[in-house]
Amino acid sequence: MTTNADPSAAQPPPRPRRRAPAGAAVLREDVTEAIRTAVFEELAAVGYARMSIEGIARRAGVGKTAVYRRWRSKLHLVLDLVSAVAVQGLPMPDTGSLEGDLRLLYEVTSRALRHPVAGQIIPDLQAEAARNPEIAEAMQKALREGQQSVATGILAAAVARGEVREGVDEDLALDVISGPLYWRSVVVRAPKLPKGYLEGLTRATAGALRAL
């Protein structure tokens with residue numbers, strides 16, 4: 001004898017939908033940016049050696065876990081930020097003349113280097129770079145891909161316009177373009193650029209490049 005049993009009765013009950021684990025949550029960009037800002041401020045306030053994940057988290061208004069979910073140590077955090085500088089770079093001047101391009105580059109670079117936070121961070125990271133090869137490599141990469149990539153573009157445009165001869169020693173030319181302002185602002189750390197300094201530096205650099 002057969003019975004007309006309900007087919008659905010033999011089916012197992014549906015499994016409850018599993019929730020994604022908390023660790024798989026998308027990292028909030030606003031929190032990431034708050035942490036990055038806190039790192040710069042903490043570096044300027046206490047320096048790399050005294051900087052801690054706890055201090056960064058406190059300044060950013062987040063828990064330590066939020067920092068460790070993004071970076072596994074303060075070294076990797078700083079290396080990431082230094083590398084980001086290289087990616088952002090500087091705007092490529094396109095004024096139509098060598099002196100115009102140099103002047104715009106020097107104005108932008110001077111403002112960046114003389115910012116109070118940058119004035120504290122760069123010398124401190126340079127000191128750490130002498131002791132830590134990873135920071136040294138990141139600093140070199142940031143400078144090479146940031147400042148020097150723009151200087152290379154300025155030089156190439158000047159050569160194309162006939163303002164600088166073809167076959168010029170590119171490494172020497174890049175030193176001439178980037179060296180003086182960096183020396184005065186970061187190494188000597190002069191409190192203020194004299195009036196007319198950038199104009200004079202622009203003329204002197206353009207003249208030196210034409211003479212190479």
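Below, all heavy atoms of this structure are taken into account, side chains as well, without hydrogens, waters or symmetry copies. In this chain, residues are counted from 1 in sequence order. Since this is a predicted model, take the numbers as computed values, not measurements.
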Give the C-alpha distance, both sets of side-chain angles, the deciding distance and a yes or no for side chain to side chain contact (heavy atoms under 4.5 Å, CB included) between Thr65 and Arg69. CA-CA 6 Å; Thr65 303; Arg69 286 177 64 195; 4.0 Å; yes
Check step by step if side chain to side chain contact (heavy atoms under 4.5 Å, CB included) holds for Asp169 and Leu212. CA-CA 7 Å; Asp169 184 332; Leu212 290 180; 5.9 Å; no
Between Val31 and Arg70, is a side chain to side chain contact (heavy atoms under 4.5 Å, CB included) present by the stated rule, with each step listed? CA-CA 10 Å; Val31 173; Arg70 292 160 173 83; 3.7 Å; yes
List the steps, then state whether side-chain hydrogen bond (donor to acceptor under 3.5 Å, both in side chains) holds for Thr205 with Tyr106. CA-CA 11 Å; Thr205 303; Tyr106 289 149; 3.1 Å; yes
Side chain to side chain contact (heavy atoms under 4.5 Å, CB included) between Leu181 and Leu198, intermediate numbers included: CA-CA 9 Å; Leu181 185 57; Leu198 294 183; 4.3 Å; yes
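Formation of a donor-acceptor pair under 3.5 Å by the Asp101 side chain with backbone atoms of Thr95 is found in this model. In terms of modelled atom types and a separation under 3.5 Å, the side chain of Lys74 and the main chain of Tyr48 share a donor-acceptor contact.
Looking at Arg184 and Pro194, their side chains come closer than 4.5 Å, going by heavy atoms from C-beta outward. Side-chain contact between Glu163 and Ser97 is present, with heavy atoms from C-beta onward closer than 4.5 Å. A 4.5 Å side-chain heavy-atom check between Leu155 and Leu98 finds every atom pair outside the cut-off. Side-chain contact between Glu41 and Thr37 is present, with heavy atoms from C-beta onward closer than 4.5 Å. Residues Arg203 and Leu102 are not in side-chain contact: their nearest non-hydrogen atoms beyond the backbone lie 4.5 Å or more apart. With a 4.5 Å cut-off on side-chain heavy atoms, Ile35 and Ile56 count as touching. A 4.5 Å side-chain heavy-atom check between Leu75 and Ile135 finds at least one atom pair inside the cut-off. Two residues are said to be in side-chain contact when any heavy atoms from C-beta on lie closer than 4.5 Å; Met51 and Val39 meet this criterion.
Atom CD of Glu99 is separated from atom CG of Leu209 by 10.0 Å, given to the nearest 0.5 angstrom. With rounding to the nearest 0.5 Å, the separation of CE in Met92 from CG in Leu105 is 9.5 Å. Separation of atoms CG (Leu43) and CD (Glu128) is listed at 9.5 Å; rounding is to 0.5 Å.
The nearest pair of heavy atoms linking Ala34 to Ala60 is O-CB, 3.7 Å. Glu134 and Asn132 get closest at one heavy-atom pair: N-OD1, 2.9 Å. Scanning all heavy atoms of the two residues, the minimum distance from Arg59 to Ala38 falls at CD-O, 3.5 Å.
Using a cutoff of 4.0 Å between basic side-chain nitrogens and carboxylate oxygens, Arg36 and Glu29 are scored as salt-bridged. A salt bridge links Glu107 with Arg103: at least one charged nitrogen is closer than 4.0 Å to a carboxylate oxygen.
Between the side chains of Ser110 and Tyr197, not a single donor N or O lies within less than 3.5 Å of an accepting N or O.
Few gaps surround CZ on Arg165; more than 12 heavy atoms of other groups in view lie less than 6.0 Å from it. The 12-atom threshold is not exceeded at CZ of Arg72, counting heavy atoms of other residues, nucleotides or ligands nearer than 6.0 Å.
Put simply, Leu174 and Val108 are part of two different groups of oily side chains (I, L, V, M, F, W, Y) that touch within less than 4.5 Å, one to the next.
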